[in-house]
Amino acid sequence: MTLQIHEHDIIVIGAGGAGLSAAISAAEKGADVGVVCKSLLGKAHTVMAEGGIAASLGNVAPDDDWRSHFLDTMKGGWGLNDFRMAETHAKEAPERVRELESWGAVFDRTKDGKISQRNFGGHRYTRLAHVGDRTGLELIRTLQDRAVALGIQVYMEYTITELLKDSEDEKIAGAFGYWRITGLPVLFRAKKIILATGGSGMAYKINSSSWEYTGDGPAMALRTGAELMDMEFVQFHPTGMVWPKSVQGTLVTEGVRGEGGILKNSDGERFMFNYIPDAYVGSIADTEEEADRWASGDASARPPPELLTRDVVARAILNEVSEGRGSEHGGAYLDIASRKSVEFILQKLPAMYHQFKELAGVDITKDSMEVAPTCHYMMGGIRVDPDTQETCVSGLYASGEAAGGLHGANRLGGNSLSDLLVFGNRAGIHAGKTAKDIEEFSEINEDDLENALDHLEFPFLNSADKGEHPFRLREELHEIMEEYVGIKRDETGLKIGLKKLEGLKTRTPRLFATGMRTYNAGWQTCFDLINLIDVSIAIAHSALKRKESRGAHSRVDFPVPTEALGKTKFIISLKNDKVKVSKASVPVPRKELLDMIQKDQKKEDKK
């Protein structure tokens, strides 16, 4: 079988916002960059990000600055954020947004011609730069055009199955996989590799992810010697579509609530007023009258509880359903029709209008939407240096959703797009600078390459009558994760789920594929499953260890956060192919930042 070989100073795996940002920055430093993506250029999951990019531009709220953004991010993450990443993110996000604009991004505008911004949950100021409700699409279009203009080589429809180290097993040397068009194996030799593969949402049955979101980066990094962190923190976006079943989980942007949409139960009650956490008492409106004044532009009013953080809103909807106050198909009602004019909705939420009209037969300018939680984002990921994004494996970097650290226990809406711009840029800059100092490509361990070739072929060597069907095994994974490692967790369920996940892992060597190698979905799913199961096991282990409820991690048997675990992160690594869970202390912010956090907390306590 012919082995294709490509060589670049830097290989970026993933062509979403983080990957393209990294590739552009590395290329601008003079590095020869190749981008590898599972799908087509422009089809990355980033296009599904609808609401906006969080950045303290101050165009709509002049008082907003990086300090406020930093404080909101730390509060939303329950203090488990890497403070250095949170600071860098808040400081550099405005520059990255303006850079996008200079490259041709067409943002919505204020009346005086500035980039428009909208409200989002957990942000104290109007902060999200947006393009209607298609911000991710515009972001990808702009980065794609920039990458093409720089002459960056893009390898489309390639699946990477293994990362390879050098012959001394000290640093990264290449990536191995296959071209989905032909089924032929391919080796990418590189001096540096940046993982920008996104999240692992496909581990759950109800999710808002694209098909590429199968945990490839974290799983391959883990097997190569890198560490994972914060894996217990899985974000369930509160508003996914509920009906019809064929589109269950499809994202309904937070922009609907940011533009004034409200949540109601089957009794017609605006129920979020019943779920304001102690940490937000004083900063959130506690009456409908005040919330309505805020929606009308009254700067003295506090924002409505519909704009609480996603973990709070998701659990509130789930609770309403469990207590018998759910919508017709098991969710809540999201109403913008009674709050805004038809013209406003069509201007600000055109994608949502078409989405519900075409997929559910609902006209959101006239009727409410049915919504319920959907697996949306992984706060956890590959452990990286907060400044360079390099992992503990020399030459291996990660950015975007594949990396952990920035968001802590819960991510604020809009912080994902600014995250991938800021830290994709940083990974590209550091990798680009250092790759130029390396004269030759490292020799790849030949045994590892042979093993990778054998691994690529194994599904075709298993028989269909005695092997494991990849799609059926994926269904089992979905059921396990939804039932035992979902929004609400407990020790008994997590132990059962972990045992079942480990049982699935023992069955993966028997996965089979049949037919031709060209665009073989079954073959592809075999490798997707291997990665998803590894990531799911890491999530379950971490969730079992964190015996408290914090952010997106909710333990029914440990319903309150503890001071000790508020200073602790759980780290996942492999030792002799066995999962090892260790602890690491949350870095203490330097005095200036710590004083800011404490002062902000005291101010909130007085309200």
Side-chain angles (χ1 to χ4, degrees), residues 77-82 195 199-200 203-204 215-235 377-386 391-393 396 398 401-410 477 480-481 484-506 508 530-558 561-587:
W78 290 63
L80 284 186
N81 324 62
D82 184 298
L195 295 173
S200 316
Y204 289 84
D216 301 353
M220 291 190 296
L222 181 65
R223 295 194 295 265
T224 311
E227 297 172 330
L228 308 182
M229 66 189 296
D230 298 338
M231 293 302 290
E232 64 269 37
F233 299 114
V234 178
Q235 184 174 86
Y377 193 89
M378 303 290 159
M379 273 71 72
I382 304 164
R383 194 182 190 188
V384 296
D385 179 270
T391 72
C392 61
V393 176
L396 181 64
E401 193 175 347
L406 169 61
H407 306 293
N410 181 57
L477 172 65
I480 293 168
M481 294 301 285
Y484 302 109
V485 200
I487 296 180
K488 293 185 177 181
R489 304 162 174 174
D490 60 44
E491 184 162 354
T492 300
L494 286 168
K495 285 182 175 179
I496 293 171
L498 187 56
K499 185 175 181 180
K500 287 178 176 290
L501 289 170
E502 289 170 342
L504 286 188
K505 187 174 176 66
T506 64
T508 57
I530 290 168
N531 292 332
L532 282 172
I533 291 171
D534 281 349
V535 170
S536 297
I537 288 173
I539 293 170
H541 269 293
S542 296
L544 193 57
K545 287 290 184 182
R546 185 165 291 280
K547 296 183 178 182
E548 65 163 359
S549 292
R550 183 179 298 272
H553 172 67
S554 181
R555 286 283 297 262
V556 176
D557 47 348
F558 295 98
T562 69
E563 184 177 352
L565 288 176
K567 301 175 182 177
T568 304
K569 285 180 174 287
F570 291 104
I571 310 299
I572 299 289
S573 59
L574 289 182
K575 188 173 183 179
N576 299 322
D577 293 328
K578 299 286 186 181
V579 173
K580 177 185 176 183
V581 185
S582 56
K583 293 181 180 180
S585 297
V586 177

Are side-chain heavy atoms of [X] and [Y] found at a separation under 4.5 Å?
X	Y	answer
Leu222	Met231	no
Glu502	Val579	no
Lys583	Phe570	yes
Arg489	Val485	yes
Leu504	Thr508	no
Leu477	Ser536	yes

Which value, rounded to the nearest 0.5 Å, describes the distance between [X] atom [atom1] and [Y] atom [atom2]?
X	Y	atom1	atom2	value
Tyr204	Leu532	OH	CG	11.0 Å
Tyr484	Lys499	OH	NZ	11.5 Å
Leu498	Ile539	CG	CD1	11.5 Å
Glu563	Thr568	CD	OG1	10.5 Å

Locate the shortest heavy-atom distance separating [X] from [Y]; write the atom from each residue and the value.
X	Y	value
Cys392	Gly225	SG-O, 3.5 Å
Ile572	Val581	CD1-CG2, 3.6 Å
Ala552	Met379	CB-CE, 3.5 Å
Asp82	Pro587	OD2-CG, 4.3 Å
Ala584	Arg383	CB-NH2, 3.7 Å
Asp557	Asp490	OD1-CA, 3.5 Å

Is [X] reaching over with its side chain to a backbone N or O of [Y], donor-acceptor style, under 3.5 angstrom?
X	Y	result
Asn81	Leu406	yes
Lys505	Asp534	no
Arg546	Leu565	yes
Ser549	Phe558	yes
Thr391	Leu396	yes
Glu548	Thr562	yes

Original post:
Can we call the ring centroids of His407 and Tyr377 under 6.0 Å apart?
Top reply: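 Centroid distance His407-Tyr377: below 6.0 Å, so yes.
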Original post:
Looking at Asp230, Val234, Val535, Leu228, which one forms a side chain to side chain contact (heavy atoms under 4.5 Å, CB included) with Met378?
Top reply: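 With Met378 as partner, side chain to side chain contact (heavy atoms under 4.5 Å, CB included) holds for just one option, Val234.
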Original post:
Of Glu232, Lys488, Arg550, Glu491, which is the lone residue that meets side chain to side chain contact (heavy atoms under 4.5 Å, CB included) with Arg555?
Top reply: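 Exactly one candidate clears the test, Glu491.
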